Amino acid sequence: YGRKLGLVHVFSLLCTVVLFTILLWSAWELIQRTSFQRMVSLPFPKYYLHAAVMALAGVNAVVAAMQLMLRVRQMIRS
């Protein structure tokens with residue numbers, strides 16, 4: 001069970017890194033395209049929201065990548 005569970009955890013972390021990296025890239029593209037558009041419902045540009053999403057996705061991608069590296073090292077040592 002332990003070895004298979006470790007592989008599932010590594011796969012899950014890898015999927016998380018890929019997901020947040022795609023979200024990061026998508027937010028960057030949206031920032032480039034909506035940098036001067038204003039929101040109808042809120043009094044600030046759309047790219048502020050996209051920048052917040054991009055920053056949080058970046059932080060989550062880095063954290064998931066660090067966890068992935070630690071998990072792989074742990075699996076190699078054992």
Side-chain angles (χ1 to χ4, degrees):
Y1 267 155
R3 184 78 174 155
K4 289 182 182 179
L5 213 59
L7 292 175
V8 169
H9 189 219
V10 167
F11 180 72
S12 171
L13 287 170
L14 184 62
C15 289
T16 302
V17 170
V18 169
L19 173 76
F20 282 120
T21 304
I22 290 170
L23 183 60
L24 185 68
W25 174 77
S26 299
W28 177 255
E29 288 294 320
L30 284 171
I31 287 172
Q32 298 299 314
R33 295 174 189 204
T34 64
S35 63
F36 295 106
Q37 295 179 6
R38 299 200 51 88
M39 294 178 108
V40 175
S41 57
L42 298 172
F44 52 82
K46 285 183 181 180
Y47 79 92
Y48 284 7
L49 181 64
H50 300 306
V53 169
M54 188 175 96
L56 294 173
V59 168
N60 281 314
V62 168
V63 168
M66 290 172 59
Q67 289 177 345
L68 177 62
M69 287 188 300
L70 289 173
R71 183 65 178 158
V72 168
R73 282 185 193 162
Q74 183 184 29
M75 288 180 67
I76 290 172
R77 289 183 185 167
S78 61

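Everything numeric in this text was worked out from a predicted model, so none of it was measured.
The hydrophobic cluster containing Ile31 does not contain Val53, counting ILVMFWY residues as joined when their side-chain heavy atoms lie under 4.5 angstrom apart, directly or transitively. When hydrophobic clusters are built by joining Ile, Leu, Val, Met, Phe, Trp and Tyr residues whose side-chain heavy atoms come closer than 4.5 Å, directly or via intermediates, Tyr48 is grouped together with Leu24. Leu13 and Met66 are not part of a single hydrophobic cluster, where members link through side-chain heavy atoms under 4.5 Å apart.
Of all the heavy atoms in Phe20 and Ala61, the pair that sits closest is CB-CB, 3.8 Å. Heavy atoms only, all atoms of each residue included: Ala27 and Met54 are closest at CB-CB, 3.6 Å. Contact record, Pro45 with Ser35: CB-O, 4.3 Å, taken as the closest heavy-atom pair.
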Quiz item: Can Met39 and Leu49 be said to form a side-chain contact (heavy atoms from CB on, under 4.5 Å), step by step?
Solution: CA-CA 10 Å; Met39 294 178 108; Leu49 181 64; 3.9 Å; yes
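The number of heavy-atom neighbours closer than 6.0 Å to CZ of Phe44, taken from other residues, nucleotides and ligands shown, is above 12.
When Leu23, Val18, Val17 are each tested for a side chain to side chain contact (heavy atoms under 4.5 Å, CB included) with Thr21, only one passes: Val17. A side chain to side chain contact (heavy atoms under 4.5 Å, CB included) with Leu14 holds for exactly one of Leu19, Val72, Leu68; it is Leu68.
For the atom pair Arg71 CZ and His9 NE2, the distance stands at 6.0 Å (nearest 0.5 Å). Interatomic distance, Leu30 CG to His50 NE2, rounded to the nearest 0.5 Å: 4.5 Å.
Side-chain contact check for Gln74 and Arg77: no donor-acceptor pair (N or O, by modelled atom type) lies under 3.5 Å.
Of the possible donor and acceptor atoms, one in the side chain of Arg38 sits under 3.5 Å from a partner among the backbone N and O of Pro43.
At a threshold of 4.5 Å between non-hydrogen side-chain atoms, the residues Leu7 and Met75 count as touching.
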